[in-house]
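Shown next, in structure tokens, is the structure this report addresses.
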Amino acid sequence: MTPNGPSPDSYRRRRETLLARLNDAVLFLPPVEEARYSNDVHYRYRPDSDTRYLSGFEEPCSLMLVARDCESKGFSMFVRERDPQSETWTGRRAGLEGARETYGADNAWALEQGEEKLEQALSGARTLYYGFGRSAGSDSAMLELVKRVNAGRPRSGLAPLVLHDSSELMSEMRLFKSDEEAELMRRSCAIAVQAHIAVLEDLRPGHSESDIEAGVEYRFRRGGCSGPAYGTIAAAGNNATVLHYTSNLGTPGQGDLVLLDAGGEYGGYAADITSTFPMSADWTDAQAELYDLVLAAQRSALAQVKPGSSCDSVHQAALGVLVQGMHDLGLLEGSDTSASLESGAYQPYYMHRTSHWLGMDVHDVGSYRDNEGPRPLAAGMVLTVEPGIYVRRDSEAPERFRGIGIRLEDDVLVTADGSENLTAALPRDRDEISRIRRAALS
Ligand code: GLY
Ligand code: MN
Ligand code: MN
């Protein structure tokens with residue numbers, strides 16, 4: 001069970017909720033295989049988030065949920081069997097007994113028996129919710145299995161089995177965070193905020209982007225995280241104009257801004273925050289103007305996070321401020337803000353959306369639109385608010401803005417009557433950041 005993660009009771013309640021929705025359907029999640037780093041060396045295993053959401057199990061496994069009366073009724077786990085030889089090399093396995101006793105499985109079988117038991121469970125079932133995309137091998141075996149099952153249906157008089165992506169059920173559940181999940185995300189965010197503040201306080205001339213990366217990731221682990229929730233972006237100067245820069249091999253110059261996008265995973269829940277600050281205690285006029293613009297855009301966007309609003313409204317709020325500012329600062333010609341919004345003329349400097357869902361995955365599951373249009377925000381959803389401006393060194397912008405990348409990213413929980421900024425403790429005010437940097441450098 002994930003250290004610091006949800007309680008065993010939560011996993012049981014989630015399964016019960018799902019079982020109550022299944023009726024005569026079957027849900028099957030195949031295993032995510034270990035990813036090979038080289039030869040016989042593997043990356044640290046990270047289970048698929050749906051599997052972990054329903055079980056807390058962190059070894060390769062398949063899960064099946066069946067509500068109908070049959071041999072595999074309830075919650076079935078297909079896990080690696082105990083094996084002293086393998087366990088000597090790679091650590092303890094829960095095995096079949098552990099699956100039942102620690103993880104609450106009603107039925108536990110060897111990993112290899114998944115397909116056979118699923119085929120049995122499908123006799124009489126009308127619908128299969130299957131977890132696509134975990135492995136190409138499982139996906140094609142599944143399509144064969146459905147073909148086989150349906151080939152026999154005309155003789156049995158049963159309607160054909162209909163195949164659905166399990167994300168139809170899982171994503172909706174995961175999109176709305178329980179109080180316990182919100183508390184885990186508060187913790188995850190608090191650890192990330194402290195790690196960012198520590199960088200502000202520790203960074204010295206000569207430190208490299210990889211020093212910054214190592215510093216935040218050390219603090220994630222010290223704080224109880226399993227590690228970073230995504231590849232840390234520690235980008236100085238022009239490197240910050242690359243949205244997902246992760247090589248982190250440069251060394252900030254004295255006059256550079258540093259963009260740090262880093263968050264850890266605590267109890268299975270991600271933080272995703274970005275701060276931008278000067279290597280020295282001072283800002284050039286161009287840096288200050290762009291920073292203040294992004295901060296104003298972020299504040300405007302944050303004010304839109306409330307029930308009934310949408311990720312789209314949050315984005316439009318940020319965009320309105322950014323595009324007006326781009327005209328005021330001469331990044332965009334003329335003064336026709338509406339025309340620039342319409343034509344997308346701002347996109348060389350702001351090319352991403354302002355928000356994404358956040359949860360067990362950094363880019364978490366859940367749809368952004370429903371049949372009516374942009375999906376209304378509702379209590380329990382968590383999203384990022386992350387406007388930015390990126391002026392590449394080789395851009396057409398006025399010279400003084402070139403080579404500056406700025407993003408400000410907070411994580412926000414939608415509440416019944418508004419929102420809670422889970423990362424509000426990050427210093428955002430430019431003068432406050434300068435004070436911290438000055439104290440650090442003195
Ligand atoms: N850290 C990736 C993102 O902000 O979406
Ligand atoms: Mn993000
Ligand atoms: Mn981020």
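Remember, it's 1-based here, ligands and their atoms both numbered in the order they're listed. Note that the coordinates shown come from a computational prediction; the quantities given were computed from them, not determined experimentally.
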Checking only N/O/S atoms, does H356 have one that is under 2.8 Å from the Mn ion (ligand 2)?
yes

Any atoms of ligand 1 less than 4.0 Å from a non-hydrogen atom of H356? List them with their elements.
3 (C), 4 (O), 5 (O)

is_close_aromatic(H196, F277), centroid dist under 6.0 Å:
no

Please confirm whether H244 comes within less than 3.5 Å of ligand 1 when only nitrogen or oxygen atoms on both sides are compared.
no

Among the N, O or S atoms of E409, the one nearest the Mn ion (ligand 2)
OE2

Considering only NZ, NE, NH1 and NH2 on the basic side and carboxylate oxygens on the acidic side, decide whether R134 and D48 come within less than 4.0 Å.
yes

Show which atoms of ligand 1 fall inside a sub-4.0 Å distance from at least one heavy-atom site of E409.
4 (O)

Evaluation steps, ring pair (Phe, Tyr, Trp, His ring centres under 6.0 Å), between H164 and Y129:
CA-CA 5 Å; H164 284 251; Y129 289 98; 5.3 Å; yes

Show me which atoms of ligand 1 lie under 4.0 Å from any heavy atom of Y230.
1 (N)

Looking only at protein heavy atoms, what sits closest to atom 3 (C) of ligand 1 is D272 OD2, 3.4 Å

Measure up the Y103 and F57 rings against each other and bin them: parallel (under 30°), tilted (30 to 60°), perpendicular (over 60°).
perpendicular

Provide, to 0.1 Å, the distance between atom 5 (O) of ligand 1 and the closest protein heavy atom, together with that atom's residue and name.
H363 NE2, 2.7 Å

N/O to N/O below 3.5 Å, does that happen between R407 and ligand 1?
no

Which of V385, V321, L322 passes side-chain contact (heavy atoms from CB on, under 4.5 Å) with S300? It is V321

Of the backbone and side-chain N, O or S atoms of E386, does one lie nearer to the Mn ion (ligand 3) than 2.8 Å?
no

Find, among atoms of D272 that are N, O or S, the one nearest to the Mn ion (ligand 2), and state its name.
OD2

When every non-hydrogen atom of R46 is compared with those of M360, the smallest separation belongs to NH2-O, 3.0 Å

Is the NZ or CZ atom of R15 positioned over F75's six-membered ring, under 6.0 angstrom from the centre and within 45° of the axis?
yes

Any donor-acceptor pair under 3.5 Å linking the side chain of R407 with the backbone of I273?
no

